[in-house]
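Nothing here was measured: the structure is a model prediction, and the numbers come from that model. Reminder, nothing fancy here: chain letters follow the sequence lines and each chain counts from 1.
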Amino acid sequence: MDKIYSHKETEDRIYKFWEEKGFFKPEVNPKGKPYSIILPPPNANAPLHFGHAMYVIEDILIRYRRMKGDSALWLPGADHAGFETQFVFEKNLQKTGKSRFDYDRDTLYKMIWDFVQSNRPIMENQLKKLGFSLDWSRKKFTLDPDIISIVYKTFKKLHDDGLVYRGYRLVNYCTFDGTSFSDLEVIHKEKESSLYFVKYFFEKGGGNISVATTRPETIIADVAVAVNPKDKRYKDLKGKNVINPITNERLPIIFDSSVDMEFGTGALKITPGHDPKDFEIAQRNNLKGESLIGFDGKIKEGKYKGLYAKQAREKVAEDLEKEGLIEKIEKIIHQAPVCYKCQNIIEPLLMEQWFVKMEPLAKPAMEALKKGEIKISPKRLEKVLSDFLENIRDWNISRQIVWGIRIPAFKNKKTGGWVVTEGEAPTGGDWEQDTDTFDTWFSSSQWPFATLQTTKPDDFERFYPTDVMETGYDILRWWVARMIMMGLYKTGKIPFRDVVLHGMVNDPKGLKMSKSKGNVVDPLEIVNEYGADALRFALIFGTGLGNDQAASLPKFQNARNFANKLWNMARFIEMNRIQNSKLKIQNSPKNKVDKDIINKVQNLVKDVTKDLDNYNFNFAAEKVYEFAWHEFADKYIEDVKKRIDSNSYAVLESSYLAILKLLHPFMPFITEEIYQKLNLGESIMVEKWPSAK
RNA sequence: GGGCUCAUAGCUCAGUUGGUUAGAGCGUUACAUUGACAUUGUAAAGGUCAGAGGUUCGACUCCUCUUGGGCCCACCA
């Protein structure tokens with residue numbers, strides 16, 4: 001053995017060895033208790049980022065359970081990541097001077113397909129570099145025909161059960177990305193705007209009421225002015241009308257208790273075509289409105305036609321000012337809805353979309369949570385989940401992009417009626433398929449059962465519900481919540497028993513990594529520099545489950561040093577090896593130090609096993625680290641090196657073997673390499689997890 | 001506006017159900033080392049555990065408040 005451990009000469013070779021031996025398949029323990037984890041499928045198109053490296057937690061669990069004798073399955077996959085991928089693709093397209101509108105649907109889809117297929121191996125190889133013991137013979141892609149078929153069936157079932165409807169609603173539309181989004185894709189950003197106080201004159205009797213708005217350009221689309229019924233200032237306005245300051249149309253004054261009396265003048269212009277709250281108030285009052293702004297972000301008609309909303313705002317304000325219709329202008333800081341991807345303002349627009357009625361789906365999910373059928377670790381995040389489920393709103397699943405699963409809904413060209421199928425076109429009549437695709441999360445929400453139902457016969461029966469769903473807490477609502485709902489809906493069973501959530505990995509200074517800030521650390525560079533084992537160990541060591549951490553170099557260095565320390569313990573053992581000794585540990589060694597170390601190993605095994613069972617990964621890692629380095633190496637080896645004999649050697653080797661096994665889930669490569677170098681057996685992967693008396 | 005979370009050594013953070021001298025890594029200082037390992041060892045310096053109350057025989061750990069960060073949710077137009 002060399003003086004220094006070389007991960008570069010070891011890791012790829014070991015991974016290949018494992019794969020060839022078939023050790024990643026649950027079939028290595030055919031009689032074991034089934035244990036399963038579905039890997040959150042990374043975006044097929046993009047390289048892994050540091051968040052993906054946190055899936056090491058899943059590998060730790062899988063390797064631990066496999067060594068315990070379970071029939072452990074860790075199922076890999078890739079996500080087509082609809083909008084995300086099309087966004088990246090379009091960015092690339094832009095560089096060549098083209099846009100998506102230069103191609104027809106099929107061509108564009110084919111182009112993105114090829115783009116994704118050529119990038120997909122990158123991500124998969126990176127998962128291998130990290131040492132993940134995934135069963136590659138079962139890998140799935142969200143656009144596999146059998147997966148698509150399941151997604152179709154789910155949609156049809158939801159539709160037949162009245163849980164999917166086509167609604168003409170105000171949706172979150174990004175005019176820059178050209179698609180609508182669900183509420184989760186909309187984020188709020190603090191913005192300073194002007195609050196215009198506009199005079200609306202009464203139709204009769206003179207006088208005016210002042211209405212505060214940040215969006216004067218939408219005045220044209222006003223359908224009413226609303227005040228709070230409790231507002232004493234406006235008591236006498238019942239039955240009165242005002243005149244639209246731009247169009248001079250008559251607008252009724254309505255009373256709605258959701259109007260905030262404290263804000264502005266307490267009078268709110270109602271523009272159902274552009275504001276969600278207005279839309280709701282209008283619905284309650286049987287008023288209908290229209291969107292004045294088109295999908296291109298420009299005013300569709302009238303005097304301001306062709307102007308972008310922002311330009312129109314200034315022009316309208318100017319015109320109103322000229323006519324003396326603006327009472328005053330104030331500065332206001334408010335939370336503006338923006339697109340999570342491009343950060344541009346979301347324009348609420350009225351359009352027809354497919355919605356999933358969520359309340360009936362959320363109820364069983366909440367019950368499963370309350371009954372403890374599904375447990376969340378760390379516990380505090382359960383509240384985030386239950387709050388989301390309790391306040392759930394209908395889910396817009398239509399996306400105006402081509403990259404994804406096209407919605408199997410067909411419109412009759414004559415009648416305009418819709419038919420939902422399991423993918424096939426309806427016969428008879430003239431039908432046109434919806435051009436929209438599903439929100440990516442609609443297919444991912446079905447991932448646990450969709451994968452297991454399409455891998456190998458009996459996989460679903462054997463491995464569903466899965467044992468653990470491990471992912472970042474940032475997609476708790478986007479993904480985990482929806483998986484629970486869809487799993488319960490489609491299979492009648494929870495999709496997983498335990499939800500284990502890891503924190504975010506930030507840059508070395510603790511700031512969020514982002515491409516625009518240019519502070520992204522590539523996990524594969526760390527693997528290259530320090531080894532996958534070091535990366536894995538560092539990510540677990542010293543960070544409580546669900547807490548964020550900084551990807552700081554000293555941590556990786558320390559973990560690398562620890563790997564080297566382990567390596568040199570093995571060298572010591574190899575150099576002091578006592579051949580032909582029977583390697584039997586006496587039940588009660590005479591030497592007190594030998595006796596102590598045996599007891600300490602026993603306690604360590606107990607502690608680490610318990611910590612793993614409780615998802616206290618950092619405790620487990622810290623304990624083995626502390627023991628291996630500062631107890632076993634610093635004290636025991638120092639003591640035994642002066643007096644080594646066949647009895648003490650047996651204690652030395654067996655204690656070390658226990659450490660190797662406890663460490664294997666965390667640092668799989670080096671523990672395997674040492675195990676083989678010391679001729680302890682074929683592979684540490686098929687060793688049994690140590691047990692403590 | 002609501003919720004969650006953090007504030008512990010110079011820096012980055014552990015501290016698991018409250019219990020004797022509060023820990024790790026990095027950094028700093030001194031010494032050692034051709035002998036498993038300098039990707040090492042031994043030792044040392046360094047903390048009023050944000051602040052103020054309270055519960056308790058006992059609190060970094062539980063409760064309340066204050067201050068200062070971070071994150072998430074939310075239709076003040």
Could you check whether the rings of F632(A) and Y656(A) sit parallel, tilted or perpendicular, using 30° and 60° as the cut-offs? parallel
Once you apply the 3.5 Å cut-off to both distances, tell me the Watson-Crick or G-U wobble partner of rU48(B), or none. none
Round to a whole Å and report the spacing from CG of D256(A) to C1' of rC75(B). 12 Å
If you only use heavy atoms from C-beta on, which nucleotide in rC37(B), rA14(B), rA77(B) is closest to the side chain of E638(A)? rC37(B)
Pairing partner (Watson-Crick or G-U wobble, both distances under 3.5 angstrom) of rC60(B): none
Taking rG25(B), rA14(B), rC37(B) as options, the one with an atom nearest any side-chain atom of H630(A) is rG25(B)
Which nucleotide sits closest to the side chain of M575(A): rA77(B), rA14(B), rA36(B)? rA36(B)
Heavy-atom closest contact (L268(A) atom, V211(A) atom, distance): C-CG1, 4.1 Å
Examine rU40(B): is either OP1 or OP2 under 4.0 Å from a nitrogen or oxygen in the side chain of K3(A)? Give yes or no. no
Categorize L381(A) for me: base, sugar-phosphate, or nothing, with a 4.0 angstrom heavy-atom threshold over every strand shown. nothing
Quick one: do K509(A) and D507(A) make a salt bridge, cutoff under 4.0 Å? no
Mind listing the closest non-hydrogen atom pair of E190(A) and I333(A) along with its distance? CG-CG2, 3.3 Å
Considering every strand shown, what is the Watson-Crick or G-U wobble mate of rC75(B) when both distances are under 3.5 Å? none
CG of L511(A) versus C1' of rC71(B): gap in Å, rounded? 14 Å
D275(A) has its side chain closest, among rG3(B), rA77(B), rC73(B), to rA77(B)
Where A365(A) and M485(A) come nearest, the two heavy atoms and their spacing: CB-CG, 3.8 Å
When both hydrogen-bonding distances must be under 3.5 Å and the geometry is Watson-Crick or G-U wobble, what is rU55(B) paired with, if anything? none
Under 4.0 Å between a side-chain nitrogen and a carboxylate oxygen: does that hold for K600(A) and E631(A)? yes
For atom CZ of F632(A) and atom C1' of rC37(B), their distance in whole Å: 14 Å
Assigned partner base of rG23(B), Watson-Crick or wobble definition, under 3.5 Å: rC13(B)
Looking at N616(A), does any N or O in its side chain come under 4.0 Å of the phosphate oxygens OP1/OP2 on rA14(B)? no
For rA7(B), the Watson-Crick or wobble partner whose two distances fall under 3.5 Å: rU67(B)
Would you tell me if any nitrogen or oxygen in the side chain of K555(A) comes within less than 4.0 Å of OP1 or OP2 on rU12(B)? no
Nucleotide of rA77(B), rA74(B), rG25(B) approaching R393(A) most closely (side-chain heavy atoms): rA74(B)
When you measure from the side-chain N and O atoms of H188(A) to the phosphate of rC73(B), is any distance below 4.0 Å, counting only OP1 and OP2? no
So, OP1 or OP2 of rU40(B): does either fall under 4.0 Å of a side-chain N or O from N561(A)? yes
N/O (side chain, R477(A)) to phosphate O (OP1/OP2, rC72(B)) under 4.0 Å: no
Pairing nucleotide - rU34(B), Watson-Crick or G-U, each distance under 3.5 Å: none
If you compare every side-chain N and O of R380(A) against the phosphate oxygens of rG3(B) (OP1, OP2), does one of them come in below 4.0 Å? no
Side-chain atoms of N558(A) come closest, of rU39(B), rG15(B), rG25(B), to rG25(B)
Which one is paired to rA43(B), where only Watson-Crick or G-U wobble pairs with both distances under 3.5 angstrom count? rU29(B)
Select base, sugar-phosphate, or nothing to describe what D474(A) touches, counting heavy atoms under 4.0 Å on all strands. nothing
